[in-house]
Every structure is written in structure tokens, then in C-alpha cells.
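Inspection log for the structure reproduced underneath, given as C-alpha cells.
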Amino acid sequence: MTTDREPNRADLGKDPRRVSGMFDQVARGYDRTNTVLSLGNDRMWRAATTRAVSPRPGERILDLAAGTGASSVSLAKSGAEVVAADFSPGMIAEGERRYGATSPGGGIRNLSFVQADATDLPFGDAEFDAVTMSFGLRNVNDPKKALRELLRVTRPGGRVVICEFSHPPSGAFNRLYRFYNDRVLPTVAKAVSSNAEAYDYLNESIRDWPDQRTLSAWIREAGWTDVAFRNLSMGIVALHRGRRPRDDRR
């Protein structure tokens with residue numbers, strides 16, 4: 001067991017307690033570190049995800065693996081009611097500190113924070129018009145179960161958007177990307193992160209994650225239809241979309 005002061009590092013076994021503890025420790029500087037390590041691309045990926053979700057006033061949207069809520073804030077600007085859910089209590093606490101009712105300015109009224117396990121969501125059936133998950137499915141120890149849970153809480157006809165790291169289809173660019181992840185990212189992470197070892201896990205989990213077509217197949221197997229993906233940043237990230245069938249009454 002690690003203490004709050006000792007770096008907590010998850011591994012590819014993705015034990016939920018270790019994953020949660022790891023994110024607890026990096027919560028305060030998480031968004032800044034991501035911006036530095038992604039060379040600013042995280043903002044573009046967030047904007048693309050928001051456009052893909054296409055939130056509308058009056059809708060209820062689940063943002064799972066929301067972290068500190070940066071993606072949720074982007075969705076809430078539409079006027080939709082957004083629930084930011086994350087497995088890490090440290091991330092949720094940081095999100096509430098920034099955007100909750102006690103934050104400066106009184107927070108964002110149509111945004112709420114909930115601690116949640118992606119494989120056992122604390123929501124009723126068909127509760128959301130759209131569900132989305134950015135850079136979180138890869139950290140779940142049973143991602144296929146998480147995809148089924150997302151389907152369960154989505155109304156028939158509702159939408160899913162998964163934004164996740166993937167594999168560039170260009171061999172030459174993929175080699176350059178791997179060089180950055182293997183050689184450059186660890187050095188930069190040591191300089192800007194409170195837990196550089198967490199970003200060693202990040203690199204390992206990206207390398208181990210399935211490619212775009214395999215993830216698309218998983219989403220279909222979970223029961224989603226109209227599944228498609230498009231690459232962002234030459235395939236470093238892929239944006240997957242789908243719908244719950246309108247006649248699905250399970």
C-alpha cells in the first residue's frame with residue numbers, strides 16, 4: 001500500500017484501487033500536465049468531442065471519466081444538464097473545488113459531480129440522452145462491461161462518444177509517436193508532474209490498447225449501432241460514435 005506522499009503507479013492489471021489512487025495523486029495538476037505533454041492538442045480533442053456529442057439545452061448528458069471536469073464544462077456551455085462522473089475521489093474533489101456550488105462565482109448550475117465505477121454505474125436505466133468518455137475507457141479493468149453499462153443508462157436512440165488514445169495508421173508517423181512516448185514524454189513528465197510514474201503507466205496502457213477497428217467492434221458487441229470512428233492528430237487519438245437502437249427495450 002502507498003501513502004499519500006509515495007507515488008502510486010497503476011499497471012496493466014488495472015486494479016481499480018491503484019488506478020483510483022494514482023489519479024488522486026495527480027488531480028491538482030492533471031489538466032496542466034496533459035496540456036504540456038500533448039503539446040496543446042488536448043484542447044482540440046476536447047472541442048472535437050464536444051462537437052461529436054452535440055449537446056442541446058434540456059438534454060441530460062453523462063461525462064464518464066470526467067476527471068476534474070474540463071470536458072464537462074465544455075459540454076455544459078450548451079445548456080444541457082451534465083453529470084461529471086469519475087472513479088477517483090481526488091479528481092471529483094478537484095472538480096467540485098473549481099466548478100461546484102462552493103467555487104468562486106457559485107459554480108456551474110447545470111453541472112454536478114458524482115463518484116462512479118464505470119463497470120457499475122449508480123444511475124437508472126435509460127437516464128441519459130448522451131454518454132461520453134474521454135481517455136478513461138483504457139483505464140477500466142473490464143472495458144467491455146463499461147460499454148454495456150453506458151448502453152444501459154442511455155435512452156433508446158441516445159448517443160455515445162468515446163475519445164481515446166489509439167494507433168496512427170502511418171507506420172512512419174507511428175514510429176515517431178512511439179519515440180516521443182518512450183523517450184521524450186517520461187523526461188517531460190518528471191519536470192511537470194507530481195507523479196511521473198503515472199505517465200509511465202500512461203505510455204504502457206496506450207501501447208497495450210487495441211486499435212480503432214477493434215474498439216469499434218467492442219462497441220458494436222456491447223449493443224450500440226451506427227458505430228463509426230475518425231482519427232484525430234493522425235490517429236494518436238480516435239473519436240468513436242454510436243447510438244442505442246431506438247427499438248431497444250432491454
Side-chain angles (χ1 to χ4, degrees), residues 4-5 8 10 16-38 42-124 127-137 139-140 146 149-150 153-155 158-163 192-195 198:
D4 289 341
R5 294 183 180 181
N8 191 350
R17 290 173 297 179
R18 294 193 65 84
V19 171
S20 176
M22 181 183 70
F23 282 106
D24 286 348
Q25 290 185 331
V26 300
R28 182 61 65 96
Y30 181 72
D31 295 322
R32 174 179 58 86
T33 302
N34 284 348
T35 297
V36 172
L37 295 179
S38 70
D42 62 320
R43 296 187 178 106
M44 182 269 286
W45 300 333
R46 188 180 307 127
T49 301
T50 299
R51 288 193 298 271
V53 174
S54 188
R56 306 179 190 94
E59 288 190 326
R60 182 167 165 82
I61 296 174
L62 173 63
D63 186 15
L64 187 57
T68 62
S71 55
S72 309
V73 170
S74 180
L75 294 165
K77 288 178 180 178
S78 67
E81 179 189 350
V82 179
V83 177
D86 200 280
F87 192 53
S88 161
M91 287 289 191
I92 291 296
E94 180 64 18
E96 289 182 327
R97 186 185 71 82
R98 296 181 187 183
Y99 310 114
T102 60
S103 66
I108 300 172
R109 292 191 176 187
N110 57 321
L111 173 61
S112 58
F113 289 85
V114 176
Q115 188 177 349
D117 179 349
T119 63
D120 187 18
L121 293 173
F123 307 110
E127 193 169 324
F128 296 95
D129 297 288
V131 294
T132 183
M133 192 173 190
S134 294
F135 307 109
L137 189 63
N139 299 318
V140 178
E149 271 290 271
L150 285 170
V153 302
T154 304
R155 66 167 177 80
R159 318 180 296 283
V160 65
V161 175
I162 304 291
C163 183
V192 300
S193 174
S194 59
N195 182 359

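- Side chain to side chain, S74 and T50 meet the donor-acceptor criterion of an N or O pair below 3.5 Å.
- Atom-to-atom distance recorded for F87:CZ and Q115:CD is 7.0 Å, nearest 0.5 angstrom.
- With V83 as the fixed residue, the side-chain contact (heavy atoms from CB on, under 4.5 Å) test singles out one of V114, N110, V153: V114.
- Of the possible polar contacts, none joining the D129 side chain to the I61 backbone as a donor-acceptor pair under 3.5 Å is found.
- Listed by chain and number, the residues in a side-chain contact (heavy atoms from CB on, under 4.5 Å) with R32 are V192 (sequence neighbours excluded).
- Considering all non-hydrogen atoms of both residues, S134 and T49 come closest at OG-CG2, 3.8 Å.
- Minimum interatomic distance between A118 and V140 (heavy atoms only, all atoms of both residues): CB-CG2, 4.0 Å.
- One distance of note links CG of L137 with CG of L150; it measures 8.0 Å at 0.5 Å rounding.
- If you take CZ on F123 and CG on L64, they are separated by 8.0 Å, rounding to the nearest 0.5 Å.
- Listed here is the closest heavy atom pair of A66 and A84: CB-CB, 3.7 Å.
- Annotation: the span from R46 atom CZ to C163 atom SG amounts to 10.0 Å, rounded to 0.5 Å.
- The side-chain hydrogen bond (donor to acceptor under 3.5 Å, both in side chains) test with S71 singles out one residue from D63, T132, D42, and that residue is D63.
- Atom OG1 of T35 is separated from atom CZ of R43 by 4.5 Å, given to the nearest 0.5 angstrom.
- The existence of a salt bridge linking R98 and D31 is confirmed by a sub-4.0 Å separation between a basic side-chain nitrogen and an acidic carboxylate oxygen.
- I108 has its side chain within reach of V73: a pair of non-hydrogen atoms, C-beta onward, lies under 4.5 Å apart.
- E59 pairs by the salt bridge (charged side-chain N to carboxylate O under 4.0 Å, His left out) definition with R56, R159, not counting sequence neighbours.
- Nearest heavy atom pair, residue A85 against residue L62, reads CB-CD1, 3.9 Å.
- A distance-only check finds no donor-acceptor pair linking the side chain of E94 to the backbone of T68 [under 3.5 Å].
- Separation of atoms CG (L111) and CD (E96) is listed at 9.5 Å; rounding is to 0.5 Å.
- W45 and F135 have tilted rings, their planes meeting at an angle from 30° to 60° on a 0 to 90° scale.
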